[in-house]
Amino acid sequence: RKNFLKLAGLAAAGIVVKSGKAGNQSVVSDNRIQKFNMHGYSSPKLNRVRIGFIGIGSRGSGVINRFARVEGVEIKALCDLYPNRIEKVKSSIREFSHNPEAYSGHDDSWKKVCEREDIDLIVSTTPWALHAPNAVYAMEQGKHVAIEIPGVKTIEECWQIVETSERTRKHCTLLANSAYGEFNLLTLNMVRNGFLGEIIHGEGAYIHDRVSGTDRWQRDPNNNNWFSYRPWRLKENINRNGNLYAAHGLGTICQAMDINYGDKMDYMVSMSGDDFTMSDKMKEVSEMDEYYKPYVGLKFRGNMNTSIIRTHKGRTIMLQHDISSPRPNVRFNMISGTKGIIQQTPVPAKIATSHAGWLSQEEYNSLEQKYKPEISRKVGDLAKNLGGHGGTDAMVAWRIVDCLRNGIPPDIDVYDTALWSSIVPLSEWSVAHNSGSVDVPDFTAGAWKTNERGMDINLTRGGTTKFI
């Protein structure tokens with residue numbers, strides 16, 4: 001890449017270059033010319049959405065079962081390294097008349113799925129390092145793509161998916177289920193109707209204890225000796241330090257602030273504490289299973305990471321990440337504006353309009369009914385019945401298919417996917433440089449100034465697809 005520089009200290013020129021393991025990814029200068037604006041782009045309608053799935057572990061199998069229940073879906077191919085996983089999932093979706101072909105046995109078997117001419121959408125629920133290769137290759141083969149969070153891993157990969165999407169005119173969206181949470185959608189509708197006034201600040205997190213106890217570390221002989229934390233995910237936490245899972249807490253905040261369509265992120269800082277639990281946990285579980293002995297003594301990311309982002313319009317965002325402390329679950333949490341605040345945790349969710357205190361539960365319930373958006377009214381309860389993180393897994397599957405069938409832009413486009421992904425490597429760079437400030441790339445190349453608002457929560461277009 002001609003406009004990439006490999007020397008540090010050039011922030012004044014609009015370039016930030018990082019060093020070290022987390023920092024071998026350069027942030028491109030903001031003089032990139034957009035080849036084609038994928039924001040708002042309506043691809044040709046697809047009456048049937050033919051899907052190939054790559055990665056069928058504990059996450060992928062659930063995702064497949066949600067897509068299988070959406071009208072107009074044909075599941076054509078399933079790919080995983082382990083054939084037994086494919087057979088198990090095929091059995092679970094057969095009642096919905098899906099009979100996909102199996103691909104397994106080789107590291108690059110997934111490419112054959114992308115090369116099929118009878119597939120419109122590739123869904124990747126693989127380990128993180130494969131998200132970008134899957135997405136880029138699939139788009140080059142003429143397929144739309146949906147990848148699991150946290151998205152892609154490096155800044156270079158962020159640019160790769162943006163430039164490939166623009167060149168091929170294929171969408172690259174994110175399976176950001178949290179953006180479809182009932183509270184998230186309520187918050188977004190209240191913001192867009194002006195209830196909170198002008199937005200000042202937002203807070204989100206991925207605080208989710210995935211370390212405590214021993215059950216999750218016991219390997220399953222019936223699942224290729226995997227454990228619930230997953231071998232590849234454990235390795236992602238070694239010799240890295242930052243917010244490794246930013247999208248869960250970030251999505252709704254960006255949508256509330258119209259990031260990429262009215263505002264943009266300017267710069268950020270990030271700080272991590274030490275590891276207080278992971279190293280000790282490896283010592284503990286290595287006593288019950290020698291498999292973990294090679295992990296003893298390794299350096300793991302800190303328990304808590306806090307990142308702060310400033311937007312072009314002067315708003316602030318705070319994100320936190322902690323998956324190894326015994327704390328209740330927190331994802332998207334709070335939006336504050338000039339007229340009020342809405343906050344999800346600690347539960348129950350609360351709303352305030354002054355310093356006098358929180359509104360009563362009765363007042364909250366009344367506002368909840370008033371500002372419940374059309375997408376929640378139409379499919380919220382149906383999605384809950386299908387399960388998957390309170391129905392959000394079903395909701396995101398439904399909406400991706402609905403957009404493709406109606407030929408309308410996805411709620412989360414490639415610029416959102418790239419931006420939300422970029423916070424991970426940017427946070428790593430900042431942590432590695434004494435919490436130094438780092439510029440956030442503008443993946444829209446300035447189009448944020450004129451882009452129309454995304455995330456159509458009131459279904460002004462589409463909404464015609466059903467659940468089976």
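Numbers here are sequence positions counted from 1.
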*Okay, side chain of Lys76, backbone of Ile119: is any donor-acceptor separation there less than 3.5 Å?*
no
*Ignoring hydrogens and geometry, is there a side-chain-to-backbone donor-acceptor pair from Arg69 to Ile468 under 3.5 Å?*
yes
*Measure across Leu175 and Ala146 and return the closest heavy-atom pair with its distance rounded to 0.1 Å.*
CD2-CB, 4.1 Å
*Contact check, side chains of Trp226 and Trp232, non-hydrogen atoms, under 4.5 Å*: yes
*asked:* Give me the atom names and distance for the closest heavy-atom approach of Gly202 to Ile253.
replied: C-CD1, 3.8 Å
*Between Arg331 and Phe183, is NZ or CZ placed under 6.0 angstrom from the six-membered ring centre and within 45° of the ring axis?*
no
*asked:* Contact between Met265 and Leu419 at the side-chain level, heavy atoms closer than 4.5 Å - yes or no?
replied: yes
*State, with a plain yes or no, whether a side-chain heavy atom of Asn193 is found less than 4.5 Å away from one of Lys370.*
no
_Between Arg59 and Asp393 (salt bridge meaning N to carboxylate O under 4.0 Å), is one present in this structure?_
yes
*asked:* What's the separation between atom CZ in Arg301 and atom CG in Asn237, rounded to the nearest 0.5 Å?
replied: 4.5 Å
*asked:* Take a 6.0 Å sphere around CG of Asp107 and say whether it holds more than 12 heavy atoms from other residues, nucleotides or ligands.
replied: no
*asked:* Pairing donors with acceptors under 3.5 angstrom, does anything connect the side chains of Asn243 and Ser307?
replied: no
*Backbone N or O of Val414 within a donor-acceptor pair of the His171 side chain at under 3.5 Å?*
no
*Any side-chain donor-acceptor pair under 3.5 Å between Asn451 and Asn37?*
yes
_Please find the pair of heavy atoms, one from Val396 and one from Ala176, that lie closest to each other, and give the distance._
CG2-N, 4.2 Å
*Counting N and O atoms only, with roles assigned by atom type, does the side chain of Ser165 sit under 3.5 Å from a partner on the main chain of Ile161, one being a donor and the other an acceptor?*
no
*asked:* Is the distance between the ring centroids of Tyr137 and Trp110 under 6.0 Å?
replied: yes
*Salt-bridge test for Arg240 and Glu236: reply yes if a basic N is under 4.0 Å from a carboxylate O, no otherwise.*
yes
*Got a sec: does the NZ of Lys293 have more than 12 other heavy atoms crowding it under 6.0 Å?*
yes
*What heavy-atom pair brings Gln218 and Phe227 nearest, and what distance separates the two atoms?*
O-CB, 3.8 Å
_Could you tell me if Thr460 and Asn458 have a donor-acceptor pair between their side chains, going purely by distance under 3.5 Å?_
no
*Evaluate the side chain to side chain contact (heavy atoms under 4.5 Å, CB included) criterion for residues Tyr245 and Arg233: first the C-alpha distance (whole Å), next the side-chain angles of each, then the deciding distance (0.1 Å), finally the verdict.*
CA-CA 11 Å; Tyr245 214 69; Arg233 191 160 182 172; 3.6 Å; yes
*Full working for side chain to side chain contact (heavy atoms under 4.5 Å, CB included) between Phe332 and Thr187*: CA-CA 10 Å; Phe332 165 67; Thr187 298; 3.8 Å; yes
*Decide yes or no for Leu244 and Pro150: does some side-chain heavy atom of the first lie under 4.5 Å from some side-chain heavy atom of the second?*
no
*Applying side-chain hydrogen bond (donor to acceptor under 3.5 Å, both in side chains), name anything that partners Ser279, two or more places apart in sequence or on another chain.*
Asp275
*With Ser61 as reference, evaluate Thr125, Val89, Ile93 under the side-chain contact (heavy atoms from CB on, under 4.5 Å) test and give the passing residue.*
Val89
*asked:* Are the side chains of Val63 and Val123 in contact, using a 4.5 Å heavy-atom criterion?
replied: yes
*Look up atom CZ in Phe443 and atom CG in Asp413, then write down how far apart they are to the nearest 0.5 Å.*
12.0 Å
_Please check this pair: side chain of Asp209 against backbone of Arg327, looking for a donor-acceptor N/O pair closer than 3.5 Å._
no
_Test side-chain hydrogen bond (donor to acceptor under 3.5 Å, both in side chains) applied to Lys281 - qualifying residues, sequence neighbours left out_ = Glu284
*Of Glu71, Arg399, Arg405, which is the lone residue that meets side-chain hydrogen bond (donor to acceptor under 3.5 Å, both in side chains) with Thr465?*
Arg405
*Roughly how far, to the nearest 0.5 Å, is CD of Glu148 from CG of Leu174?*
7.5 Å
*Indicate yes or no: at least one non-hydrogen side-chain atom of Trp398 is less than 4.5 angstrom from one of Tyr180.*
no
*What closest approach, in Å, do Arg461 and Ile408 show between heavy atoms, and which atom pair accounts for it?*
O-CD1, 3.5 Å
*Is Pro410 close to His144 at the side-chain level, that is, under 4.5 Å between some pair of heavy atoms?*
no
*Sub-3.5 Å donor-acceptor pair from the side chain of Asn177 to the main-chain atoms of Thr392, do we have one?*
no
*Between Tyr41 and Glu166, does any side-chain donor sit less than 3.5 Å from a side-chain acceptor?*
no
*Working for side chain to side chain contact (heavy atoms under 4.5 Å, CB included), residues Thr154 and Gln160*: CA-CA 10 Å; Thr154 70; Gln160 286 174 0; over 6 Å; no
*Working for side chain to side chain contact (heavy atoms under 4.5 Å, CB included), residues Arg116 and Arg50*: CA-CA 11 Å; Arg116 287 181 56 149; Arg50 302 166 299 178; over 6 Å; no
*What closest approach, in Å, do Val113 and Ala77 show between heavy atoms, and which atom pair accounts for it?*
CG1-CB, 3.8 Å
_Ser228 OG to Arg210 CZ distance, which is reported to the nearest 0.5 Å_ = 7.0 Å
*asked:* Rounded to the nearest 0.5 Å, what separates atom CG in Asn333 from atom CD in Gln343?
replied: 5.0 Å
*Can you measure from CD1 (Ile375) to CD1 (Ile457) and round to the nearest 0.5 angstrom?*
8.0 Å
_Any side-chain donor near an acceptor of the partner, Asn406 and Thr464, under 3.5 Å_ = yes
*Under 3.5 Å: donor-acceptor pair, side chain of Asn241, backbone of Gly302*: yes
*Looking only at atom types and distance, does a side-chain atom of Gln34 sit under 3.5 Å from a main-chain N or O of Thr444, one as donor and one as acceptor?*
yes
*Can any side-chain N or O of His98 pair as donor or acceptor with the backbone N or O of Ile75 at less than 3.5 Å?*
yes
*Any side-chain donor paired with an acceptor under 3.5 Å for Gln369 and Asn365?*
no
*asked:* Between Lys264 and Asp442, does any side-chain N to carboxylate O distance fall below 4.0 Å?
replied: no
_Any non-hydrogen side-chain atom of Phe195 less than 4.5 Å from a side-chain atom of Ile351?_
yes
_Aromatic centroids of His248 and Tyr206 separated by under 6.0 Å_ = yes
_N/O donor-acceptor pair under 3.5 Å between Ser324 side chain and Thr277 backbone_ = no
*Test applied, ring pair (Phe, Tyr, Trp, His ring centres under 6.0 Å); reference residue, Tyr229; option that passes from Tyr295, Tyr292, Trp217*: Trp217
*Any luck finding a side-chain donor-acceptor pair between Ser325 and Asn303 under 3.5 Å?*
yes
